[in-house]
Amino acid sequence: MRVNELMLYRHMEQEKILRDISFLAENFNSDFYNKEDLRGLLFDCANEILEIAVSHGFEGNLWHDYLTFLLASDENAYSTSCEIVGEISGSINQAALHDFAIFKELFDYDFSEMEKALGAGCMSLLEDFTASCGHGSVFNKRVRDRICELGVSLAEAEDAAAFRKVLTQFYKEFGVGKFGLHKAFRVEHGAEGTEIVPITKTPHVHLDDLVGYDLAKKKLIENTEAFIHGRKANNCLLYGDAGTGKSTSIKAILNQYYEKGLRIIEVYKHQFQDLNDIIAQVKNRNYKFIIYMDDLSFEEFETEYKYLKAVIEGGLERKPENILIYATSNRRHLIRETFRDKADRDEELHTNDTVQEKLSLAARFGVSIYFSKPDKKQFQEIVRQLAARSGLFITEEELLLEANRWELTHGGMSGRAARQFVDYLMGTKGYEV
C-alpha cells in the first residue's frame, strides 16, 4: 500500500485507520513485530471502521465505504476545484491520477492473506454489512445512499482514469466535504474559532406545500434562480404576520435548489460579529450560499443592526457574488419604533437623519416580500387542502367547523394554525386516514 506517496489526498480526517491498515499490509509477515500486537491492531481498525459505519449509516463493503468517505470528505486542491463545475484542466489532473491509482489499489486489496497470517477474520466480516436502520446520526439516508453508491462505482472502475471520471462526476453533482454532503449549516464557536457546522436533519418541505401566496413564491423563486445562475440578485426580506410561511418558504427554496449548488447557513442575531469570518470561509467555494436570519428584528436599545448594515453593503470589501442574505421578520422595517421615538424626532433638529438611520437596514434588502395573514375564506381553503393531502376522512362541514373553533384559541387564522389543526386531527381525534 503506497499511502505515503499520496500527493493531494494527504492529512485527511479519519485517515488513522488507513495508515494503520497500510502498516499492517507491509508488516503482517514480519518477525520484527509481535504477532499478537499486529492482530490487536487489525481488530482495532475493524472496530473503528464499524463505529464509522454505524454512526454514518454505511452498509455493504465497509472497507470500500470507508475509503469512499475519505474521498468524498477531503477538501483539497483537486476536489474543491471540481465541485459543482466538474472536470478541470491543468497539470493537477496528473497528480489526481497518481493518487487515484493508489486508491484503486486500496479498493482492490485482498485481506485474506493478512487475516490468515494473523489468525483474524474480522475484515471479511465487513465485506457485506447490513445496516440496522436507514441512516446514521451523522448522515441522513440521502447522503448515506450517495456514499454507498459511489463506493460501488469506484470499486467497479477498471483503472485510475475510470476511477477519476467517476469521482469527478460525483464532485460535480454533489460537491465535496461538509458543503457537498450537507445542505444546511449553523454557526458555532469551537477551539479554532468560528465553525460552520452541518445540520443533519432538515425538513423536507416544498413550495407546493405552502397553500396560496403564489405571488410571494414567484418573487422568491425569481430572485433565487437569478442567484443560482450567476445573474444579479438581491438580498431578500420576507416580512409579515406570524405563521404565514416565511421560514417555510426559505427552507423549501433550499430543498428546491440544493441539487444546483445552493446551501444555507443559519445565523442568529448574537452571531453577527462572526459574519466576516463566515463569509471568509465560503467566499471562494463553488456553491451559492444563503445566510439565513430567521425572525430578524431589533429593539430600540439594540445596536447590532448597525454592524449588519456594514457587512451587507457598507464595508470596503465587496460582498462575494456567491453569498446572499435572506431574512424573515414580523416587522417591515426590522427595528421597533415607539411613540417616544416620534417625540424625540419632534425635538431633534435633524429628524430625517434619525429616520433614515433606522430605515436604512431594511433598504439593504433589495427584494421585500410580504406574507399577509389569510382571511376566513383563504384560511378555510388552506385547511381543505392540508386535510386532503393528509388523507383525512371527515366531512367538509365538520372539518371547517372544527377549524373555526381551533383558530379562535390558537392565535387566529394562519397557515401555521391550519397545519397544527390538521396534525391535531390526525394525531388525537381518531379520524381514519
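We number each residue from 1, following the sequence as shown. Note that this is a predicted model, so its numbers are computed, not measured.
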Asks: Check step by step if side-chain contact (heavy atoms from CB on, under 4.5 Å) holds for Gln14 and Ile52.
Replies: CA-CA 9 Å; Gln14 303 283 3; Ile52 292 176; 3.7 Å; yes
Asks: For the backbone of Gly90 and the side chain of Asn93, can you confirm whether one donor and one acceptor N or O come within less than 3.5 Å of each other?
Replies: yes
Asks: If you count every heavy atom of other residues, nucleotides or ligands that lies below 6.0 Å from Lys373 atom NZ, does the total exceed 12?
Replies: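 Yes, because the 6.0 Å sphere around NZ of Lys373 holds more than 12 heavy atoms from other groups.
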Asks: Go through it in stages, so that I can follow the logic: the residues are Asp294 and Tyr268, the test is side-chain contact (heavy atoms from CB on, under 4.5 Å), and I'd like the CA-CA distance, side-chain angles, deciding distance and then a yes or no.
Replies: CA-CA 7 Å; Asp294 191 29; Tyr268 296 103; over 6 Å; no
Asks: Going by the angle between their ring planes, with limits at 30° and 60°, are Phe100 and Phe163 parallel, tilted or perpendicular?
Replies: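 Phe100 vs Phe163 ring planes: tilted.
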Asks: Nearest heavy-atom pair of Lys16 and Tyr66: which atoms, and what distance?
Replies: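 In terms of heavy atoms, the two residues are closest at N-OH, 4.4 Å.
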Asks: Is there side-chain contact between Asp65 and His56, with at least one heavy-atom pair below 4.5 Å?
Replies: no
Asks: For residues Val176 and Arg285, determine if any side-chain heavy atom of one lies less than 4.5 Å from a side-chain heavy atom of the other.
Replies: yes
Asks: Between Phe185 and Phe289, is a ring pair (Phe, Tyr, Trp, His ring centres under 6.0 Å) present by the stated rule, with each step listed?
Replies: CA-CA 10 Å; Phe185 305 85; Phe289 291 94; 7.2 Å; no
Asks: Keeping to residues at least two apart or across chains, list the ring-ring contact (aromatic ring centres under 6.0 Å, His included) pairs with something in residues 21-54.
Replies: Phe23-Tyr33
Asks: Listed by chain and number, what are the ring pair (Phe, Tyr, Trp, His ring centres under 6.0 Å) partners of Tyr258, not counting sequence neighbours?
Replies: none
Asks: Rounded to the nearest 0.5 Å, what separates atom CZ in Arg419 from atom OG1 in Thr248?
Replies: 10.5 Å
Asks: So how far is it from Leu167 CG to Gln169 CD, rounded to the nearest 0.5 Å?
Replies: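 If we round to the nearest 0.5 Å, Leu167:CG and Gln169:CD are 10.5 Å apart.
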Asks: Working to the nearest 0.5 Å, report the span between CD1 of Ile323 and OH of Tyr287.
Replies: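 Result: 14.0 Å between the selected atoms.
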Asks: For Asn76 and His11, test the side chains for any donor-to-acceptor distance below 3.5 angstrom and give the result as yes or no.
Replies: no
Asks: Could you check whether any side-chain N or O of Ser153 sits under 3.5 Å from a backbone N or O of Glu149, counting only pairs where one atom can act as donor and the other as acceptor?
Replies: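 Between the backbone of Glu149 and the side chain of Ser153 there is a qualifying donor-acceptor contact (under 3.5 Å).
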Asks: If I take atom CD1 from residue Ile290 and atom CG from residue Leu262, how far apart are they, to the nearest 0.5 angstrom?
Replies: 4.5 Å
Asks: Under the 3.5 angstrom rule, does the side chain of Arg231 hit a backbone N or O of Asn223 as a donor-acceptor pair?
Replies: no
Asks: Say whether, by atom type as modelled, one donor and one acceptor occur between the side chain of Ser390 and the main chain of Leu386 under 3.5 angstrom.
Replies: yes
Asks: Please find the pair of heavy atoms, one from Ser372 and one from Thr244, that lie closest to each other, and give the distance.
Replies: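 Closest heavy-atom pair between Ser372 and Thr244: O-CG2, 3.5 Å.
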Asks: Would you indicate whether Glu259, at its atom CD, is surrounded by more than 12 heavy atoms from other residues, nucleotides or ligands within a distance under 6.0 Å?
Replies: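 Yes, because the 6.0 Å sphere around CD of Glu259 holds more than 12 heavy atoms from other groups.
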Asks: Checking Thr80 side chain against Glu75 main chain: does a donor-acceptor pair fall under 3.5 Å?
Replies: no
Asks: Within a reach of under 6.0 Å around NZ of Lys35, are more than 12 heavy atoms found that belong to other residues, nucleotides or ligands?
Replies: yes
Asks: Evaluate the side-chain contact (heavy atoms from CB on, under 4.5 Å) criterion for residues Met293 and Leu275: first the C-alpha distance (whole Å), next the side-chain angles of each, then the deciding distance (0.1 Å), finally the verdict.
Replies: CA-CA 12 Å; Met293 302 171 181; Leu275 281 172; 4.1 Å; yes
Asks: With no hydrogens and no angle check, is any side-chain donor or acceptor of Thr168 less than 3.5 Å from a backbone partner on Lys165?
Replies: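 Flag not set: sc Thr168 to bb Lys165 has no pair under 3.5 Å.
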Asks: Tell me if a side-chain donor or acceptor on His64 pairs with a main-chain N or O of Phe107 at a distance below 3.5 Å.
Replies: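 Checked: pair present.
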Asks: Name the one of Asp37, Asp31, Leu38 that satisfies side chain to side chain contact (heavy atoms under 4.5 Å, CB included) with Asn34?
Replies: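 Only match with Asn34 under side chain to side chain contact (heavy atoms under 4.5 Å, CB included): Asp37.
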Asks: Just to verify, which of Phe69, Phe111, Phe129, Phe103 counts as forming a ring-ring contact (aromatic ring centres under 6.0 Å, His included) with Trp63?
Replies: Phe111
Asks: For the CE atom of Met7 and the CD1 atom of Ile102, what is their distance to the nearest 0.5 Å?
Replies: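 Those atoms lie 9.0 Å apart.
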Asks: If I compare all heavy atoms of Asn29 with all of Ala117, which pair ends up nearest, and what's the gap?
Replies: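 Of all heavy-atom pairs spanning Asn29 and Ala117, the closest is OD1-CB, 3.8 Å.
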Asks: Does Phe365 reach the side chain of Cys236, with side-chain heavy atoms less than 4.5 Å apart?
Replies: no
Asks: Assess the residue pair Glu13 and Ser73 against the criterion (side chain to side chain donor-acceptor pair (under 3.5 Å)); give the C-alpha distance rounded to whole Å, side-chain angles, the decisive distance to 0.1 Å, and a yes or no.
Replies: CA-CA 8 Å; Glu13 292 185 16; Ser73 302; over 6 Å; no
Asks: Does CD in Glu113 sit with more than 12 non-hydrogen atoms of other residues, nucleotides or ligands closer than 6.0 Å?
Replies: no
Asks: If I take atom CD from residue Gln256 and atom CG from residue Asp208, how far apart are they, to the nearest 0.5 angstrom?
Replies: 8.0 Å
Asks: Would you check if the side chain of Asp209 reaches a backbone N or O of His206 as a donor-acceptor pair within less than 3.5 Å?
Replies: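 Indeed, once roles are kept as given, a pair shorter than 3.5 Å links the two residues.
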Asks: Looking only at non-hydrogen atoms, find the nearest pair between Phe379 and Ser414 and report the distance.
Replies: CE1-O, 3.5 Å
Asks: Using distance alone, with no hydrogens and no angle criterion, decide if Asp99 and Tyr78 have a side-chain donor and acceptor under 3.5 Å apart.
Replies: no
Asks: Show the numbers, then the answer: is there a side chain to side chain donor-acceptor pair (under 3.5 Å) between Tyr292 and Thr328?
Replies: CA-CA 8 Å; Tyr292 170 45; Thr328 68; 4.7 Å; no
Asks: Closer than 3.5 angstrom, by distance alone: can the side chain of Asn286 be matched with the main-chain N or O of Cys82 as a donor-acceptor pair?
Replies: no
Asks: Side chains of Glu15 and Tyr9, heavy atoms from C-beta outward: is any pair under 4.5 Å?
Replies: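 Sidechains of Tyr9 and Glu15: no contact.
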Asks: With a 6.0 Å cut-off (strictly less than), is the heavy-atom count around NZ of Lys178, excluding the residue itself, greater than 12?
Replies: yes
Asks: How about Glu396 and Arg384: do any of their side-chain heavy atoms sit closer than 4.5 Å?
Replies: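 Sidechains of Arg384 and Glu396: in contact.
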Asks: I want to check something: taking the side chain as every heavy atom from C-beta on, are Arg146 and Glu173 in contact at a cut-off of under 4.5 Å?
Replies: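 Counting from C-beta outward, Arg146 and Glu173 never come under 4.5 Å.
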Asks: Less than 4.5 Å apart, side chain to side chain, heavy atoms only: is that true for Phe371 and Ser249?
Replies: yes
Asks: Ignoring hydrogens, what is the shortest heavy-atom contact between Tyr370 and Gly240? Give both atom names and the distance.
Replies: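 Looking at all heavy atoms of both residues, the shortest contact is CE1-CA, 3.8 Å.
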Asks: Could you check whether any side-chain N or O of Asn235 sits under 3.5 Å from a backbone N or O of Ile325, counting only pairs where one atom can act as donor and the other as acceptor?
Replies: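 Checking the backbone N and O of Ile325 against the side chain of Asn235, a donor-acceptor pair under 3.5 Å is found.
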Asks: Taking all heavy atoms of Met413 and all of Pro374, pick out the closest pair and write down the distance.
Replies: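 Closest approach of Met413 to Pro374: O-CD, 3.6 Å.
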Asks: Would you check, one step at a time, whether the test side-chain contact (heavy atoms from CB on, under 4.5 Å) holds for Lys183 with Ile264?
Replies: CA-CA 6 Å; Lys183 56 186 175 183; Ile264 192 166; 6.0 Å; no
Asks: Mind checking salt bridge (Lys or Arg N to Asp or Glu O under 4.0 Å) for Glu156 and listing every partner two or more places apart, or none if nothing turns up?
Replies: none
Asks: Taking side chain as C-beta onward, heavy atoms only, is Glu83 less than 4.5 Å from Ser79?
Replies: no
